[in-house]
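Throughout, numbering of the chain's residues begins at 1 and tracks the sequence. These figures come from a predicted structure and were not determined experimentally.
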Amino acid sequence: MMKMKALGVAVALAVAGSAWAANVRDELIKPIEPAKVDNPAKVELGKKLWFEPRLSMSGIISCNTCHNLSMGGTDNLKTSIGHGWKAGPVNSPTVYNSSLAIAQFWDGRAADLKEQAGGPIQADVEMNMPHTLAIDILQSIPGYVAEFKSVYGKDKIDIEMITDAIAVFEETLVTPNSRFDKWLKGDDKALSEKELAGYTLFKESGCVACHNGPAAGGTSFQRMGVVEPYKTTSPAEGRSAVTGVDADRFNFKVPTLRNVELTYPYFHDGEAATLEQAVDTMGRLQLGRTYSEDEIGKIVAFLKTLTGELPQISMPILPPSSNETPRPDPFK
């Protein structure tokens, strides 16, 4: 009897789940699904490495410095500050929902999160730490040696393990259950009249041609300045720096609009300080349309409904250095 009852509950839940899925509205923007964790130990190791400042030459910069998980996965600066107070060339894109993107970095030079994770560690304008030295530092810390051994089954740490663990942690940084997602799943009360009008305008203007999919962006590379040229002092070339094709100049990965109210300033050069400014610029340069103040207000209201549930991250306790661990000199 109990088995039959349990089976009935399982069937009911499955039917309810199917009905819920069937209620998803037919829109180009799709709901974000919660993260699935297959290897909690690897995620925990990746989280420690994410917050690990000893992976930088100065000993004070971590992945979280430029992609602060408490600030929408960004640093809210026009361009980031790296090793020796060097100014970075581009605005730091949010790390939240980055696993949903077609590629990584504004110019797409990294195919996936694992490939991306190794770049900032050794970049002289970011963490300035050669991979060989980063490995030596982690290898000198008994706590890390034991944890890598537990996760990967090897005594010797290598850069592949480091970037893999960081990438697996990043894959958990998704933000489901925004009010817009709830509306997509059939909750008519999730959006106000103004927010829904903003989405209708956003969609009818053609914004969804680029800002689509679960991340509302990140699915393609597009030219910045289609109708009017975009004027900037930024040295960033876009895709042409990767492909070597001049026609790809000023083509950048379309940024996600998820949690966009948290990820200011906007664009690859951080020149748009506010959402209102970003919407106005995109309307004119990409669509050839000058939005009224009222229209901008409606679109911004819609964009704020894309803020999802940010994962609750407990701060990891990093293992202490040993006597053999090289000590950083941040003032060099």
Using a strict cut-off of less than 4.0 Å between a Lys/Arg side-chain nitrogen and an Asp/Glu carboxylate oxygen, indicate whether [X] and [Y] qualify as a salt bridge.
X: Arg25; Y: Glu27; result: no
X: Lys189; Y: Asp187; result: no
X: Asp155; Y: Lys149; result: yes
X: Asp164; Y: Lys42; result: yes
X: Arg258; Y: Asp181; result: yes
X: Asp280; Y: Arg284; result: yes
X: Lys114; Y: Glu160; result: yes

Within the 4.5 Å heavy-atom criterion, are [X] and [Y] side-chain neighbours or not?
X: Thr305; Y: Tyr199; result: no
X: Leu318; Y: Glu52; result: yes
X: Asp269; Y: Val90; result: no
X: Asp75; Y: Asn68; result: no

To the nearest 0.5 Å, tell me how far [X] [atom1] sits from [Y] [atom2].
X: Glu170; Y: Gln104; atom1: CD; atom2: CD; result: 7.0 Å
X: Leu306; Y: Glu195; atom1: CG; atom2: CD; result: 10.0 Å
X: His268; Y: Thr79; atom1: NE2; atom2: OG1; result: 11.0 Å
X: Cys63; Y: Lys47; atom1: SG; atom2: NZ; result: 14.0 Å

Is it the case that atom NZ in Lys304 sees more than 12 heavy atoms from other parts of the structure closer than 6.0 Å?
no

Under a 3.5 Å threshold, yes or no: a donor from one side chain and an acceptor from the other, between Ser92 and Ser80?
yes

Quick check, are the ring centers of Phe267 and Phe252 under 6.0 angstrom apart?
no

